[in-house]
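Since the structure comes first, as structure tokens, the remarks are kept for the end.
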Amino acid sequence: EYVQVQDMLSLCGLGRMAPNTVVMGFQKLPENRKPGDIPSIPRDAYVSSIRNTLKYRFNVIVAKNAELIDFKERQQGTIDIWWMADDGGLVLLVAHLLSQRPQWSNC
């Protein structure tokens, strides 16, 4: 297990001000990886990291192809939302906030 994730979750924040969301990269299957892709961790460690994040009551956002996005350019397409759990509307809020930014207003 990757203990660094658990350590980071237990130590992050400053006083009463603490983050409540963790953004993780989407894990590609080994057969779909290309040379130069971001290195992946073992599947069990990846799932364990997500479980530990949820155990610490953090929200989890898994971003697919985030490394391909040029955040300075205007984006077009869709913002896909997969509602996995009752998180108080976090996923809808994230989509709304992204669509309010000029770079994402065409999505």
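Values below: all heavy atoms of this structure, side chains included; hydrogens, waters and symmetry mates excluded. Note that the numbering runs from 1 along the sequence shown for the chain.
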### Task
Determine, using the 4.5 Å side-chain heavy-atom cutoff (strictly less than), whether Leu93 and Val23 are members of one ILVMFWY cluster.
no

### Val62 side chain reached by Tyr46 side chain, heavy atoms, under 4.5 Å
yes

### Message
Which residue in the set Gln76, Arg74, Gln75 passes side-chain hydrogen bond (donor to acceptor under 3.5 Å, both in side chains) when paired with Ser105?
### Response
Arg74

### Message
My understanding is that only residues two or more places apart in sequence, or in another chain, count here; which of them pass side chain to side chain contact (heavy atoms under 4.5 Å, CB included) with Arg51?
### Response
Val47

### Query
Do Met24 and Ile61 touch side chain to side chain, with heavy atoms closer than 4.5 Å?
no

### Query
For the residue pair Glu73 and Gln103, what are the closest heavy atoms and their distance?
O-CB, 3.8 Å

